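Heads up, the thing below is written out as structure tokens.
Just so it is clear: chains get the letters A, B, ... in the order the sequence lines come, proteins before strands, and each one is counted from 1. Worth saying up front: this structure is predicted, and the values here are computed from it rather than measured.
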Amino acid sequence: MFISLLAVIALGCIAWLGAASGFQYLIGVVLPYAAVLVFIGGFVWRIVDWAKSPVPFRIPTTAGQQKSLDWIKPARLDSPFTTAGTVGRMLLEVLLFRSLFRNTSVEIQKGPRVVYYSAKWLWLFALLFHYCFLLIFIRHFRFFLEPVPFALTAIEFVDGIMQIGVPRMFMSDVLVVAALGFLLARRLFSEKIRYISLANDYFPLFLLLGLVGSGIWMRYFAKVDIAAVKVLTMGLVTMNPVLPEGIGAAFFIHIFLLSCLLAYFPFSKLMHMGGVFLSPTRNLPNNTRAVRHVNPWNPPKKYRTYAEYEDEFRELMEEAGLPVDKTSEEAAAAE
Amino acid sequence: MSTTRRQFLKIAGLAAFGLGTSSALDAADAVAKDMPGAKYEVGEKHLAAKRWAMVIDTRKLESREDFERIIHACHTVHNVPSIPNKQEIKWIWTDKYDRVFTDDMSQHLSPAVREKDYLLLCNHCENPPCVRVCPTKATFKRADGIVVMDYHRCIGCRFCMAGCPYGARSFNFGDPRPYLKDVNPAFPTRMRGVVEKCTFCSERLEVGLQPACVEASNGAILFGDLDDPNSPVRKALAENFSIRRKPSIGTQPGVYYIV
Amino acid sequence: MYNGKYIIPGIVIFVGLFTFPFWSNLLTPKYERPQLAMPADQKECIEPAEYMRAEHMHILDVWRDQALREGKRAYVASNGKVWDISLQNTCMKCHANKADFCDKCHNSNSVSPYCWDCHVAPRGNQ
Amino acid sequence: MSKLPTPDKLIATIPAFPMEGWMDTKPDFKPGTWCYPAKVENMRALGMPNPHEWSADQEDWNLPENWEEIIYEGLKERLAKHRSLKVFMDICVRCGACADKCHFFIGTGDPKNMPVLRAELLRSVYRRDFTTAGKLLGKLAGARKLDKDVIKEWFYYFYQCTECRRCSLFCPYGIDTAEITAIARELLHELGLGIHWIMEPVFNCNRTGNHLGIQPHAFKEIVEFLCEDIETVTGIKINPPFNEKGHEIVFITPSGDVFADPGIYTFMGYLMLFHEIGLDYTLSTYASEGGNFGSFTTFDMAKKLNAKMYAEAERLGSKWILGGECGHMWRVVHQYMDTFNGPTPPKMETPKSPITGTVFKNAASTKMVHIAEFTADLIKHNKLRLDPSRNDHLTVTFHDSCNPARGMGLLEEPRYVLRNVCNNYVDMPENTIREQTFCCGGGSGLNTDEIMEIRMRGGLPRGNALRYVQQKHGVNTMACICAIDRATLPPLANYWAPGVTVYGTHELVANALVMRGEQKRTMDLRQEELPGMEDE
């Protein structure tokens, strides 16, 4: 964890030093292009790599009643029988984190008694983080589009509806920090989660905190010249890169951390973004008995046939009065 | 486990220190957002008082024109729209005795007093209930006793309207601008969704002017410091019998009526 | 590759969405920083231009609190000059062209201050 | 059982979290924590790779010379074959939602029994060999070198996973530890590391048609013996057909039901039910096993054992297969069978109940129906005369087996049957039943007695839920639909909730079943007096 923290701090320092010592073009133009290429290329490569392996068996985790008899109500979404139901299940999973919503925590109390509690905090903060991050991502499109479409202005209006402070405070900024803080805190203070956490669990959290933190810093405190920033970002997306004068260091830290995140993404656990769609326990219908699932590498059948079985036990079977395909005499004659 | 936690705090502390100093270097001036050397002061001409108050001599306000003139003066200068229905906005207005002085003090008033119109506005109470109920402190009482509103903070919850015993507040159900014939370019309007009311012309006091209604009243309305025995309001109150609206509820209004 | 009929459209949609800023700007002319209309008759603002560019929103925020809540309506600038605290009567007196001064930059950067919900823009801007 | 600590002591000995990281701890192979190795001759007979003598408590496991290469190649092959494995290796974010969902973690407190860490045992090796970050950054990226201790750790922990999939239910990406465990066990088998309790049944099943190694004549004899008991209880003589061609249905159930108490009563229940409704069926001695211990070995072995079902249905000319009560059997039948060994023989037809005419469209392809579906349909159509008051001395709860619950979704059918054959039915607390059900502690071939303490620890959540309803509602009967349950739950109940008896669902059905021409029932199938119905 310390290593992850130090790594992110080091990245921040590199960006700050770079911005201060004339590498603005590298940090503000070259690296973002490279990072976007790595991100898209890496993302596609990972998905294709996964897709190269087949799904040999249809193994949905059934989280509800199957469809069987007409008069028993099936769980259409938790144990889907149809494609529509499966799509519904995936939507619930991707958009609302259905499985995490089930979360419980367990405690062994005196008695002994095993007690289960509903534990929805992880669900809540995970959902908060993802939606805030999405919202923030979308809000940033004001730097990439000219004129800024009304929908973006509307999102900004809603996000800043509390009208606190100038520039207006975005609720998503506060909530994303709170959510990241929660996700980090549980890694640090929950015994179980700390035990399973690796450096590559802390790193993205610190990186995101650095990214969000530098963004907040330049919006609310450092007041980077956003007109100049927009010239730079529009230059990037119109393939006419320019580096305007007078953009503060905070921006270069921000865009450097963003480039790091983009480049890191495809090679990390953050690929759960794409992977969740490919999870065979979720994206398949529970209808294997009704519709045959084909395994492309299905090996040829090899099993002990009835004939072999009867050959071994023929006499015993005859003695016991069990029917046989070949009587002992027939078998002897065949030899 | 505790060792790792302590270790973490140590390192996190160091890191925070490092981040703090490094960013402090380039951001030091950015953080000090106020321009060095800049100051905020009261204006040169500004009128001060310990407790602003108003005395309305109802005997001097007779005709409809008297009232209209005063109301017009106030509403024009403050961009108060005239909306002709239940969504009406008013800072200063009139009503009959029965609805103004509801503590039924005498069953047998002179018909002249009972039938007369009385000029009404925010009472700028000593104990303003509207201030107590405001959840955002958009309504507050200044040191000089004026109860004012910060429209930037008003969230339109209308608790203050429920709290005010005098009905002095109006709510903007819609954008008021279409109902303004001429906008006074020196004064803001309000927006949809906020409450508004009389401000005792605090913005005019800043530049040494009397409230607009006082100016337009031809001496029927007096304005001054209630804590100053030599002020016109104290003198008038000393010389005449005066009453205030709903004294029994303890709000201590700052508007007095000579009847 | 297996299940390509689901996965390939998925990848295409993902890449399409992610690169939206690039291809949606294919026909956009070169973006220029908005050129603002400066007052013709005034050279100096209340504070230096760089400071005003970064902090004008902050100064307006402080102004409104000072004027409304503290009752202090005179701003003594760093150069000692005294200004009346008023968006409508001080700022907009010089920056009378709101459309080409305020709005141009705000719109381009999608900044939507709510000043003008109440405050009255100088004539000619409505 | 004498070596087992008392339940209180067992809970008191759940250790605190270790101080050192999980990569630095090694399992302690003390007696009672590991299963006995498979016999070399069984492994050899089945053609398993690298059969050799070894034992978990020894320092040297006599791994084949090129064991590292075998694992590397084996893992590589399986990554290419199973998208599940690849995706599950890559996308875990270690959110910890699965951590306290595992019955073995709850009962042992061993952090490596948290599903996420169980998977990390394999994932760490995957990272080192198959990811760039792992190759470059090593331990920093959560990768570690494959050494013999890792293999030992795999053996220890992948045989402390019953593939119950409870963790998978809670995982936001549906990462299924059962899948990971199954593949890790395949890798271990590549090195010749199998366990006796699994390989012996697999060997038997291949040879004699059933796990228990019952030969055809013995099978017939046992069933006839059970029929005599039925006659004693009901006065009705049943002569079930064996290996007979031309019947509409082949009935296949786990051989545990033929052999062991209390499974035999469930088997008697099936026979009585079929007799009463006049079902046109046959038993098979060749396909006399519903269960599939091959599925705890390798996918290929599961396929090999499973193939007999369709082969026998084809040989006997039956239209469809009716399957008895079993857990993992139904995981295989429901999710794998048709893929393994389908398409079905041409003469098989979509199952249709000959009694009610119900067509089981949900089994249109696999052509195999669960007996709980079949019986629920009979009851719904009023085809059975039932006297549930015969079960009035029982207060019944139902244990959802992991596989039918989370690998099939069979939740309502058995409950419907039970509610119709018993008057006193209560469910256990909601976090322990249906799709959230807890394992009996002995699934996936771990129902062996040498690891009884581990089993009892794993059985803690189930045992506790059972004791809860025992104390609160006076439950004295736990019904189940699984042969392994019928073997593992009695010691579990005895340990955690003494006084609760385990029944197969169809034993309770048969107790309540009013048969044509039966004598007055005074005893249940266990030949115990039925309270209130004693002979006068």
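Heavy-atom distances place the side chain of C:I85, and not its backbone, under 4.5 Å from chain B. Interface residue C:D65: only side-chain heavy atoms are found under 4.5 Å from chain B. Residue B:Y151 does not touch chain C at all, counting heavy-atom pairs closer than 4.5 Å. With a 4.5 angstrom heavy-atom cutoff, C:W116 touches chain B only via backbone atoms. The part of B:R153 that comes within reach of chain C is its side chain, from C-beta onward, which places non-hydrogen atoms under 4.5 angstrom from that chain.
Considering only residues two or more places apart in sequence or on other chains, B:S202 meets the side-chain hydrogen bond (donor to acceptor under 3.5 Å, both in side chains) condition with none of them.
In plain terms, the two heavy atoms of B:R177 and C:D117 that are nearest each other are NH2-O, 3.6 Å. Residues C:E47 and B:A38 approach most closely at OE2-CB, 3.9 Å, considering heavy atoms.
The local environment of NE2 in B:H72 is sparse, with at most 12 non-hydrogen atoms from other residues, nucleotides or ligands closer than 6.0 Å. Open room surrounds CZ on B:F159; 12 or fewer heavy atoms of other groups in view lie less than 6.0 Å from it. No more than 12 heavy-atom neighbours from other residues, nucleotides or ligands sit within 6.0 angstrom of OH on B:Y179. Surrounding CG of C:L26 are more than 12 heavy atoms belonging to other residues, nucleotides or ligands, all under 6.0 Å away. The environment of B:E41 atom CD is dense: over 12 non-hydrogen atoms of other residues, nucleotides or ligands sit within 6.0 angstrom. The local environment of OH in C:Y6 is sparse, with at most 12 non-hydrogen atoms from other residues, nucleotides or ligands closer than 6.0 Å.
The backbone N or O of C:A74 lies less than 3.5 Å from no partner atom in the side chain of B:Y40, so there is not a single donor-acceptor pair. Side chain of C:S78 to main chain of B:M35: no donor-acceptor pair is present (N/O by atom type, distance under 3.5 Å, no hydrogens or angles). With hydrogens and angles disregarded, a donor-acceptor distance shorter than 3.5 Å links the side chain of C:N89 to the backbone of B:A186. Side-chain atoms of C:R64 never come within 3.5 Å of backbone atoms of B:H152 as a donor-acceptor pair (strictly under, hydrogens ignored).
Defined by atom type and a distance below 3.5 Å, a donor-acceptor pair is present between the side-chain atoms of B:D34 and C:H58.
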Output, in order, the C-alpha distance, side-chain angles, deciding distance and verdict of side-chain contact (heavy atoms from CB on, under 4.5 Å) for B:V148 and C:L68. CA-CA 8 Å; B:V148 277; C:L68 245 132; 5.5 Å; no
Does the pair C:R73 and B:E206 meet the rule for a side-chain contact (heavy atoms from CB on, under 4.5 Å), with working shown? CA-CA 8 Å; C:R73 292 192 183 235; B:E206 293 296 330; 3.2 Å; yes
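Annotation: the span from B:M191 atom CE to C:C115 atom SG amounts to 11.5 Å, rounded to 0.5 Å.
Between chain B and the residues C:R69, C:E70, C:H119, the largest count of heavy-atom pairs under 4.5 Å involves C:R69.
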